[in-house]
Structures are given as structure tokens and as C-alpha cells.
Amino acid sequence: MDQLSFASLDYATKKKRTKREVFLAEMAAVVPWAKLEAVIEPFYPKTGPLGGRRPFPLPVMLRIYCLQQWYGLSDPGAEEALYDIHSMRAFAGLELGRDAIPDETTILNFRHLLERHDLTKAIFASVAEHLEARGEMLRGGTIVDATLIAASPSTKNKQGKRDPAMRSSKKANQWYFGMKAHVGVDAKSGLVHTAGVTSGSVHDAKVMDRLIRDDDTAVYGDKGCASDAKKRAAAAAGVLWAVKEKAKPGRRLTARQRALNHRFGKVRAKVEHVFRFVS
């Protein structure tokens, strides 16, 4: 049995649990950690470089990676959080005074390992399969949407240029520079089943087909996804086209169109919960 420090014992006896503690306790219980570790394990080094110090345990590094995603932590920020915040250390299975804390370079290297072997997509797919197997995600309908993720437009860097992967995009008569996150959300549960990113200039409708499942019987989307051709194709395939109607130039929406937009909007609203965490 691992021995706890006096600080951890004192912390365990406090009367109030913070929202972060509650959330991390839920994630520790519901995430299929063994499945995710099995995806990464074949690529995870068994020894350090040139036979040096052994790598940190895979479960520790995977949980730190998840903390970064949930709380928007940079690599240095994640290292500092592990020193400062007891609940994050406990979630990662680390104890001050007993365990070494991964430094920012170690955290960076793990993230690069996932990127190099395209493991983030495999992890996402594994979570989706787990949710479907448990009946949490039900096939039938998909909500498609996108959100802008801002990037710095500054050219004050070594290259003297903006990030070439980022582009400008206009929304509500305002220009933004960055990228877009596109998601396909299960219409019943509100859980994300497909996700991807593009530069900010890519129109939502261009990636819409990649976010819809083959057996979906309904498609929900905002007016950015409106397409007469797709609407006709959906009708021919027997798929409910629940994309927000746009008024024709010089005309207003009919009463029927307004009623449908309101009805379908109640379902589309689920996607906003997703972007509350992304942003």
C-alpha cells in the first residue's frame, strides 16, 4: 500500500469537495482507462533514451494529458499545476515527496508521441465505441456545428510570419484569425461522436459530410450548413433535414419555416454544451 504524506492526509479530511475534485472523481470512474492505455501501450517506450531513467508509468502520463485537454493547460502549465493543485496530482496518481513530477519536456514528449502515431484519433474512436457499447450514444441523428478557435495574428516571431495553418474567417460582420473545430454530436445524448479541425476559412458545409454517420436518419445544423442540394439528397434518402432555414434574398421566412427553426433549434442547442468546454 502506498504511503500518503501528512499533507495528503490532512487534505483528505477536509469537509468540502471542490467542483474540480467532483469532476475528476467522475472522470476517474467513467473513462475506460484500460482500453485507452491498451491503444497507446504498443508505442510507449519501455526504457528511457540510451537505457537511461525509466519512463513515467503510462497511466500517469495519459491522465496528465487528459488534464491538459480539460483545463487548457500548456506543458509548463501542466507541470506547475501538478505541483500546486492536490486534486490534479491525486487524479494522476502522484504524491509529493514520494513520486517525481513529470517536467514540461516529458509532458511535451508524450503529446508528440500521440501525435506522431495518430493515437489521439484512436483514443477518440475507442471512447466512442465504449459509449455505444454502454448504450450512452444512440445512432439515429447527428447535430453538426463548428466553432472558431482564435490564434495570434502577430508576426513577431522567428519566422516573421503568421501560422500558415491558420486563416481568417468572417462571422457576424467581424473577422477572426485562427482555426475551426468541427463536430458531429449524437442528437439523443449530446455526446460528440466525430470531430476534426480545419483552418478558419473553410466553410462549415464543406466538411459536413465527414461528420454524419452512414446510418443517421436525421441531420441537424445551423444555417451555415444550409444547402439546397444536400436537402434534396437527404429527402431522397429518407433522412430528416433539420438544418436551420435561411431567408431568400429580399424575402422573409415563412411562418412554417420559423416554426421548424424553433422546433429543430431545441435539439441543436445540445451542441452548445460541447463548445462551452472547447472554448
[X] side chain near [Y] side chain, heavy-atom distance below 4.5 Å:
{"X": "Val31", "Y": "Cys66", "result": "no"}
{"X": "Asp209", "Y": "Lys230", "result": "yes"}
{"X": "Met61", "Y": "Pro102", "result": "yes"}
{"X": "Val127", "Y": "Leu36", "result": "yes"}
{"X": "Met208", "Y": "Leu211", "result": "no"}

Query raised in the report: Do Glu41 and Lys46 meet the salt-bridge criterion of a basic N to acidic O distance under 4.0 Å?
Result: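 Between Glu41 and Lys46 there is a salt bridge, with a charged N closer than 4.0 Å to a carboxylate O.
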Query raised in the report: Charged N to carboxylate O under 4.0 angstrom, Asp84 versus Arg89?
Result: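 Not counted as a salt bridge, because no side-chain N and carboxylate O are separated by less than 4.0 Å.
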Requested in this report: Go through the steps for Ile101 and Tyr83 under the test side chain to side chain contact (heavy atoms under 4.5 Å, CB included), then give the verdict.
Outcome: CA-CA 8 Å; Ile101 302 296; Tyr83 278 103; 3.7 Å; yes
Hey, what do you get for [atom1] ([X]) to [atom2] ([Y]), rounding to the nearest 0.5 Å?
{"X": "His86", "Y": "Thr18", "atom1": "NE2", "atom2": "OG1", "answer": "11.0 Å"}
{"X": "Thr105", "Y": "Glu79", "atom1": "OG1", "atom2": "CD", "answer": "8.0 Å"}
{"X": "Arg263", "Y": "Asn261", "atom1": "CZ", "atom2": "CG", "answer": "11.5 Å"}
{"X": "Ile64", "Y": "Phe110", "atom1": "CD1", "atom2": "CZ", "answer": "9.0 Å"}
{"X": "Arg210", "Y": "Lys206", "atom1": "CZ", "atom2": "NZ", "answer": "10.5 Å"}
{"X": "Asp204", "Y": "Lys223", "atom1": "CG", "atom2": "NZ", "answer": "12.0 Å"}

Query raised in the report: Looking at Tyr220, does the NZ or CZ of Arg268 lie under 6.0 angstrom from its six-membered ring centre and within 45 degrees of the ring axis?
Result: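 No, a cation-pi geometry is absent between Arg268 and Tyr220.
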Query - Geometric cation-pi criterion, Arg20 with Tyr71: 6.0 Å, 45° - result: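 Satisfied, under 6.0 Å and within 45°.
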Short question: side chain of [X], backbone of [Y] - any donor-acceptor pair under 3.5 Å?
{"X": "Asp216", "Y": "Ile212", "value": "no"}
{"X": "Gln68", "Y": "Leu73", "value": "yes"}
{"X": "Glu104", "Y": "Pro76", "value": "no"}
{"X": "Arg111", "Y": "Thr106", "value": "no"}
{"X": "Ser201", "Y": "Ser168", "value": "no"}
{"X": "Gln257", "Y": "Thr254", "value": "yes"}
{"X": "Asp222", "Y": "Gly224", "value": "no"}

Using the rule that two of Ile, Leu, Val, Met, Phe, Trp, Tyr join whenever any of their side-chain heavy atoms come within less than 4.5 Å, decide whether [X] and [Y] are in one cluster.
{"X": "Leu108", "Y": "Leu82", "value": "no"}
{"X": "Val207", "Y": "Val271", "value": "no"}
{"X": "Ile107", "Y": "Phe43", "value": "yes"}
{"X": "Val267", "Y": "Val219", "value": "no"}
{"X": "Phe23", "Y": "Ile85", "value": "yes"}

Query raised in the report: Closest heavy-atom contact between Phe56 and Ala100?
Result: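 In this case the closest contact between Phe56 and Ala100 is CE2-O, 3.3 Å.
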Query raised in the report: Between Cys225 and Ala205, what is the shortest heavy-atom contact and its length?
Result: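 So the minimum-distance heavy-atom pair works out to CA-CB, 4.4 Å.
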Query - Intermediate values then yes/no, side chain to side chain contact (heavy atoms under 4.5 Å, CB included), Met27 and Trp70 - result: CA-CA 11 Å; Met27 292 301 100; Trp70 295 332; 3.5 Å; yes
Report task. For His112, look at atom NE2 and say whether over 12 heavy atoms of other residues, nucleotides or ligands are found less than 6.0 Å away. Result ->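 Count over threshold, so yes.
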**Report entry** Within 6.0 Å of CZ in Arg116, more than 12 heavy atoms from elsewhere
**Finding:**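 Counting other residues, nucleotides and ligands, CZ of Arg116 exceeds 12 neighbours.
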Report task. State which residue, out of Leu113, Leu119, Leu62, fulfils the side chain to side chain contact (heavy atoms under 4.5 Å, CB included) condition with Tyr44. Result ->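 Only one of Leu113, Leu119, Leu62 forms a side chain to side chain contact (heavy atoms under 4.5 Å, CB included) with Tyr44, namely Leu113.
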Query raised in the report: Can the ring centroids of Tyr65 and Trp33 be said to lie less than 6.0 angstrom from one another?
Result: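 Between Tyr65 and Trp33, the centre distance exceeds or equals 6.0 Å.
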Requested in this report: Quickly, which of His182, Lys180, Arg167 forms a side chain to side chain donor-acceptor pair (under 3.5 Å) with Thr198? Name it, please.
Outcome: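 Answer after filtering His182, Lys180, Arg167: His182.
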Report task. Apply side chain to side chain contact (heavy atoms under 4.5 Å, CB included) to Met179 and Val202, showing your working. Result -> CA-CA 9 Å; Met179 63 193 298; Val202 175; over 6 Å; no
Show me the donor-acceptor pairs within less than 3.5 Å that the side chains of residues 231-247 make with the rest of the protein, sequence neighbours left out.
from   : atom 1 : to     : atom 2 : distance (Å)
Lys231 : NZ     : Glu245 : OE2    : 2.8

Query raised in the report: Would you say the side chains of Glu129 and Ser126 form a donor-acceptor pair under 3.5 Å?
Result: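 Their side chains do not contain a donor-acceptor pair, so the 3.5 Å distance test is not met.
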Query raised in the report: So, Ser189 versus Asp186: side-chain donor-acceptor pair below 3.5 Å or not?
Result: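 A pair is found: one side chain offers a donor N or O, the other an acceptor, under 3.5 Å apart.
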Query raised in the report: What pairs with Lys270 under side chain to side chain donor-acceptor pair (under 3.5 Å), at least two apart in sequence or on another chain?
Result: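 Side chain to side chain donor-acceptor pair (under 3.5 Å) check on Lys270 returns nothing, list empty.
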**Report entry** Contacts of Lys248 that satisfy salt bridge (Lys or Arg N to Asp or Glu O under 4.0 Å) - sequence neighbours left out
**Finding:**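 Result, salt bridge (Lys or Arg N to Asp or Glu O under 4.0 Å) vs Lys248: Asp228.
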Query - From CA spacing to verdict: side chain to side chain contact (heavy atoms under 4.5 Å, CB included), Thr194, Val185 - result: CA-CA 7 Å; Thr194 309; Val185 175; over 6 Å; no
